[in-house]
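Each ligand, and each atom within it, is numbered from 1 in the order the structure gives.
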Amino acid sequence: MAQQIPRHIAVIMDGNGRWAKERGLPRREGHRAGAESVREAIEACTELKVDYLTLYAFSSENWKRPKAEVKALMTLLERFLKDKADELNEKNVRLQAIGRLNDLPKGPLTQLHKTIEATAGNTGLTLILALSYGAREEIIDGVKSILRHVRDGLLDPAMIDPDVFDKHLYTRYYPDPDLLIRTSGEMRLSNFLLWQISYAEIVIADKLWPDFRKADFHDAVAAYAARDRRFGAL
Ligand code: FPP
């Protein structure tokens, strides 16, 4: 049986657009409702004493969405980071981020750094936002970092193994996810943490992300706890 509580949970928060469409609302309203589910996911993880929660908040591919939607998401992100700083501190949550962060507009990027700084001393849950994140891009950036180290004589190519490669990824400070949750019933990985989820248990929930609340999060963790994890062994 798997350990009862996963140490690291990663989430693909899918279905905001469909949630809004079902209600005849603009897509940005779906993202706004999705931000409330983010709050509940953080609460659930705090209650369960999960150590790391990684949320796929904006993918490298999301830049291709209409300008107005990208802008709405960036505004929502900036506001979330500003408004939630006190709440994160109250809950002893430390904020971190992965992705090509310098692609973000100045406003959200500055606020991101501020909130990371303001929560740096917290020792409870580590909340990792994946922003302008793509797993293939991360792997390419990792390969480039390895090549620089080899070129500068800091790394012997014969020493390169999965543990060494891990140290060149954005996620180098965190353990691999034990559980990957995707909402809205889609069975895709969508370029999320491809290297890191090699042995993660996957739970697909049918609910759309804005409907996926604390009780659903607890249910996903219960489904994980019932799994038999063997990591390729017997
Ligand atoms: C996928 O739904 C969701 C996103 C692209 C963005 C996730 C963002 C949030 C939950 C907003 C708040 C987050 C933070 C951290 C402030 P979709 O738009 O792809 O939905 P669809 O597949 O139904 O169109």
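Transitive grouping of hydrophobic side chains (ILVMFWY, heavy atoms separated by less than 4.5 Å) brings Phe80 and Leu112 into a common cluster.
With Asn16, Val38, Leu81 as candidates, the residue nearest to atom 13 (C) of ligand 1 on a non-hydrogen basis is Val38.
Judged by the shortest distance from any of its heavy atoms, Arg79 lies outside the 4.0 Å radius around the atoms of ligand 1. Not a single heavy atom of Leu55 lies less than 4.0 angstrom from ligand 1. The shortest separation from a heavy atom of Arg32 to ligand 1 is not under 4.0 Å, leaving the residue out of contact.
Residues Leu129 and Phe58 have side chains not in contact (no heavy-atom distance under 4.5 Å, counting atoms from C-beta outward). Contact check for Ile204 versus Met187: side-chain heavy atoms found under the 4.5 Å cut-off.
Close approach to Gly17 involves these atoms of ligand 1, each under 4.0 Å from a residue heavy atom: 17 (P), 18 (O), 20 (O), 21 (P), 23 (O), 24 (O). Numbered from 1 in the order shown, with element, the atoms of ligand 1 that lie under 4.0 Å from a heavy atom of Trp209 read 10 (C). When each atom of ligand 1 is checked for a heavy atom of Asn62 under 4.0 Å away, the hits are 5 (C). Near Phe80, meaning under 4.0 Å from any of its heavy atoms, are these atoms of ligand 1: 16 (C). The Leu76 neighbourhood of ligand 1 comprises atoms 11 (C), 12 (C), with distances under 4.0 Å to a heavy atom of that residue. Each of the atoms 21 (P), 22 (O), 23 (O) of ligand 1 lies under 4.0 Å from some heavy atom of Arg18.
A side-chain N or O of Arg94 and one of Thr126 form a donor-acceptor pair less than 3.5 Å apart. No hydrogens or angles considered: a donor-acceptor pair under 3.5 Å links the side chains of Trp195 and Asp166. A donor-acceptor contact under 3.5 angstrom links the side chains of Trp63 and Ser132, judged on distance only.
The protein heavy atom nearest to atom 11 (C) of ligand 1 is His31 O, 3.6 Å. If you check which protein heavy atom lies closest to atom 19 (O) of ligand 1, you get Arg65 NH2, 2.8 Å. What sits closest to atom 6 (C) of ligand 1 on the protein, heavy atoms only, is Ala57 O, 3.4 Å. With hydrogens left out, the protein atom closest to atom 3 (C) of ligand 1 is Met13 O, 3.0 Å, a heavy atom.
Considering backbone and side-chain N/O of Trp19, none are found under 3.5 Å from N/O of ligand 1. Residue Arg27 has at least one N or O atom closer than 3.5 Å to an N or O atom of ligand 1.
A salt bridge is defined here as a Lys NZ or Arg NE, NH1 or NH2 lying under 4.0 Å from an Asp or Glu carboxylate O, and Glu87 with Arg39 meets this definition. With salt bridges taken as basic N to acidic carboxylate O contacts below 4.0 Å, one links Asp51 and Arg7.
More than 12 heavy atoms of other residues, nucleotides or ligands lie within 6.0 Å of CD in Glu47, so this atom counts as buried by the packing criterion.
Ring geometry for Tyr174 against Tyr52 counts as tilted: the plane angle lies between 30° and 60°, on a 0 to 90° scale.
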